[in-house]
**Q** 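Structure in structure tokens, see below.
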Amino acid sequence: MENGHHEIPENANEHCPGPQSELAGKSDECAGCPNQEVCASAPKGPDPDLVAIAERMATVKHKILVLSGKGGVGKSTFSAQLSFALSGMDYQVGLLDIDICGPSIPKMLGLEGQDIHQSNLGWSPIYVESNLGVMSIGFMLPNPDEAVIWRGPRKNGLIKQFLKDVHWGELDYLVVDAPPGTSDEHISIVQFLQVTGIDGAIIVTTPQQVSLIDVRKEISFCKKVGLPVLGVVENMSGLMQPISDIGFVKLNEHGEEEDTTEWTLNYIKTHAPELLTLFVRSELFDSSGGGAAQMCVDMGVPFLGKIPMEPQLCKAAEEGRSCFADKKCTASAPALRRIIDKLIPSKE
């Protein structure tokens with residue numbers, strides 16, 4: 001992963017404006033940088049890598065970024081299941097994981113332990129299905145437990161390489177799973193892709209205010225950089241599962257648990273069997289402020305819908321499989337499908 005001669009040097013300051021910037025070597029951010037004198041005197045001009053990215057992305061019809069204000073809200077799970085759904089609709093799909101410090105996409109697509117191969121056309125994605133290819137730094141790490149400790153310039157260099165060197169072929173959709181927040185990676189991916197056209201961003205959140213505060217910042221970021229917000233998804237919107245999958249306990253006066261699941265289910269089967277067709281729903285987070293739906297009204301962006309937290313969806317993500325492949329995700333799969341139907345036209 002050698003840096004090209006126009007890329008930000010690895011030993012540059014954290015907020016380096018870039019050697020091709022008019023401010024190179026002159027900005028306050030350049031103070032103390034070992035490259036300051038060279039950058040100040042170097043000739044400036046357009047980045048030839050942007051031309052290479054535009055050529056590579058010319059075969060990609062639609063590009064969708066998946067963002068979140070906070071980590072742990074289910075953004076990568078949504079990216080994975082969106083990609084599974086699109087491939088199941090017979091679209092040609094690519095999933096690009098640019099969460100460089102926490103790449104979870106290989107796990108969620110069932111691709112752990114795979115290696116990237118290179119051909120004369122470039123890096124080859126790892127394929128889940130013939131129409132679903134994946135690229136992630138997770139495929140490059142010799143040890144999955146190894147931490148990626150990189151400064152911004154090196155992260156940006158890898159993102160640029162993913163865009164200009166990966167041979168996706170003809171794609172209907174490229175889904176980009178970004179890290180949480182608004183950092184260098186987000187600025188880079190938007191800057192690199194804007195010359196080729198981005199459909200927009202889907203922002204994933206949970207219902208409580210502590211998550212929505214950061215989503216407001218994410219929406220503000222999108223507006224500032226001219227990135228359309230396709231909509232907001234409220235994930236983990238209550239725990240929902242069939243009553244037959246629920247465990248029951250009785251607490252004694254000391255707070256110790258006694259498992260009464262078998263007795264309780266037998267009682268229900270005997271005295272009220274119709275209850276076994278019901279789902280149990282419990283609110284996990286305080287959404288008294290209206291949750292993501294109200295925030296979308298306040299911020300003037302589309303609200304795409306809610307996805308409940310369901311153990312079977314969590315299990316599908318852990319096992320790297322589609323929640324649409326069987327009928328186990330009885331609550332979450334239909335909710336995901338309704339959101340995807342709002343975003344993506346059905347294939348004729």
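Numbers here are sequence positions counted from 1.
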**Q** Hey, what do you get for OG (S282) to CD (Q241), rounding to the nearest 0.5 Å?
**A** 10.0 Å
**Q** Of all the heavy-atom pairs spanning P308 and M240, show the shortest one and how long it is.
**A** CB-CB, 3.9 Å
**Q** Is there a donor-acceptor contact under 3.5 Å from the side chain of T206 to the main chain of N235?
**A** no
**Q** Report the distance from atom CD of E234 to atom CZ of F285, rounding to the nearest 0.5 Å.
**A** 10.0 Å
**Q** Using modelled atom types only, decide if a donor and an acceptor are shared between the side chain of H62 and the backbone of V175 within a distance under 3.5 Å.
**A** no
**Q** Kindly indicate, with the supporting measurements, whether the criterion side chain to side chain contact (heavy atoms under 4.5 Å, CB included) is fulfilled by L65 and H186.
**A** CA-CA 10 Å; L65 270 60; H186 303 82; over 6 Å; no
**Q** Looking only at heavy atoms, what is the nearest atom pair of L121 and R56, with distance?
**A** O-NH2, 2.9 Å
**Q** Look at the side chain of E257 and the backbone N and O of N252, then say whether any donor-acceptor pair between them is shorter than 3.5 Å.
**A** no
**Q** For D165 and G122, indicate whether the former's side chain and the latter's backbone hold a donor-acceptor pair under 3.5 Å.
**A** no
**Q** Do K70 and V210 have side chains that approach each other closer than 4.5 Å (heavy atoms only, starting at C-beta)?
**A** yes
**Q** Is any side-chain heavy atom of M140 closer than 4.5 Å to one of L158?
**A** yes
**Q** Looking only at non-hydrogen atoms, find the nearest pair between C329 and C323 and report the distance.
**A** SG-CB, 3.5 Å
**Q** Does E262 have any salt bridge (Lys or Arg N to Asp or Glu O under 4.0 Å) partners at least two apart in sequence or in another chain, and if so, which?
**A** none
**Q** Please report the interatomic distance CD1(I98) to CD1(I159), rounded to the nearest 0.5 Å.
**A** 4.5 Å
**Q** Return a table of donor-acceptor pairs under 3.5 angstrom between the side chains of residues 124-134 and protein atoms on other chains or two or more places apart.
**A**
from	atom 1	to	atom 2	distance (Å)
N131	ND2	S87	O	2.9
N131	ND2	Y91	O	2.9

**Q** Is the shortest heavy-atom distance from the side chain of Q92 to the side chain of E170 under 4.5 Å?
**A** no
**Q** Can you name the residues that form a side chain to side chain contact (heavy atoms under 4.5 Å, CB included) with R337, not counting sequence neighbours?
**A** A85, M89, F324, D341
**Q** Quick one: CD1 on I100 to CZ on F162, what's the gap to the nearest 0.5 Å?
**A** 6.5 Å
**Q** Do S220 and R216 touch side chain to side chain, with heavy atoms closer than 4.5 Å?
**A** no
**Q** My understanding is that only residues two or more places apart in sequence, or in another chain, count here; which of them pass side chain to side chain donor-acceptor pair (under 3.5 Å) with E283?
**A** R281
**Q** Shortest non-hydrogen contact from S104 to D97?
**A** N-OD2, 3.8 Å
**Q** Got I202 and I339 here, is their nearest side-chain heavy-atom distance under 4.5 Å?
**A** no
**Q** Count I, L, V, M, F, W, Y as connected when their side-chain heavy atoms are under 4.5 Å apart, and connections chain through other members. Are F78 and M309 then in the same cluster?
**A** no
**Q** Please report the shortest heavy-atom distance between V249 and D259, naming the atom on each side.
**A** CG1-CA, 4.3 Å
**Q** Does K63 have any salt bridge (Lys or Arg N to Asp or Glu O under 4.0 Å) partners at least two apart in sequence or in another chain, and if so, which?
**A** none
**Q** Would a 4.5 Å heavy-atom cut-off, applied to side chains only, mark D172 and L86 as touching?
**A** no
**Q** Given side chain to side chain contact (heavy atoms under 4.5 Å, CB included), test D115 with F139 step by step and report yes or no.
**A** CA-CA 5 Å; D115 295 319; F139 300 136; over 6 Å; no
**Q** Using the rule that Ile, Leu, Val, Met, Phe, Trp and Tyr join whenever any side-chain heavy atoms are under 4.5 Å apart, tell me whether I105 and V93 fall into a single cluster.
**A** yes
**Q** Measure the spacing between OG1 of T205 and CE of M295 and express it to the nearest 0.5 Å.
**A** 6.5 Å
**Q** Quick one: do F84 and L109 satisfy side chain to side chain contact (heavy atoms under 4.5 Å, CB included)? Show the steps, please.
**A** CA-CA 9 Å; F84 275 129; L109 275 291; 3.5 Å; yes
**Q** So, taking the atom named CG in L163 and the one named CE in M135, what distance separates them when rounded to the nearest 0.5 Å?
**A** 11.0 Å
**Q** Is a side-chain N or O of K75 found less than 3.5 angstrom from the main chain of A178, in a donor-acceptor match?
**A** yes
**Q** Given side chains that start at C-beta, do those of M57 and L174 come closer than 4.5 Å, heavy atoms only?
**A** yes
**Q** Taking the side chain as C-beta and beyond, is there a heavy-atom pair between Q161 and W123 under 4.5 Å?
**A** yes
**Q** Crowded around K223 NZ? As in, over 12 foreign heavy atoms under 6.0 Å?
**A** yes
**Q** I'd like to know if the side chain of K342 reaches the main chain of L304, judged simply by a donor and an acceptor atom lying under 3.5 Å from each other, with no hydrogens or angles considered.
**A** yes
**Q** Start with the C-alpha distance between V225 and I187, add both sets of side-chain angles, then the distance that settles side chain to side chain contact (heavy atoms under 4.5 Å, CB included), and finish with yes or no.
**A** CA-CA 8 Å; V225 299; I187 297 170; 5.7 Å; no
**Q** Under 3.5 Å, is there a donor-acceptor pair between the side chain of T196 and the main chain of L193?
**A** yes
**Q** Under a single-linkage definition using a 4.5 Å side-chain heavy-atom cutoff for Ile, Leu, Val, Met, Phe, Trp and Tyr, are Y267 and L278 assigned to the same hydrophobic cluster?
**A** no
**Q** Under a 3.5 Å distance rule, please check whether E310 uses its side chain to pair with a backbone N or O of T330 as donor and acceptor.
**A** yes
**Q** Do L227 and V195 share a hydrophobic cluster (ILVMFWY, side-chain heavy atoms under 4.5 Å, transitive)?
**A** no
**Q** Under the ring-ring contact (aromatic ring centres under 6.0 Å, His included) test, which residues partner H117, sequence neighbours left out?
**A** none
**Q** Look at atom CG of N266 and say whether more than 12 heavy atoms of other residues, nucleotides or ligands are closer to it than 6.0 Å.
**A** yes
**Q** Can you get from I116 to W168 by hopping between Ile, Leu, Val, Met, Phe, Trp and Tyr side chains that sit under 4.5 Å apart?
**A** yes
**Q** Using the rule salt bridge (Lys or Arg N to Asp or Glu O under 4.0 Å), only one of R154, K160, K155 pairs with E185; which is it?
**A** K155
**Q** Please give me the minimum heavy-atom distance between T59 and G169, naming the atom from each residue.
**A** OG1-O, 2.8 Å
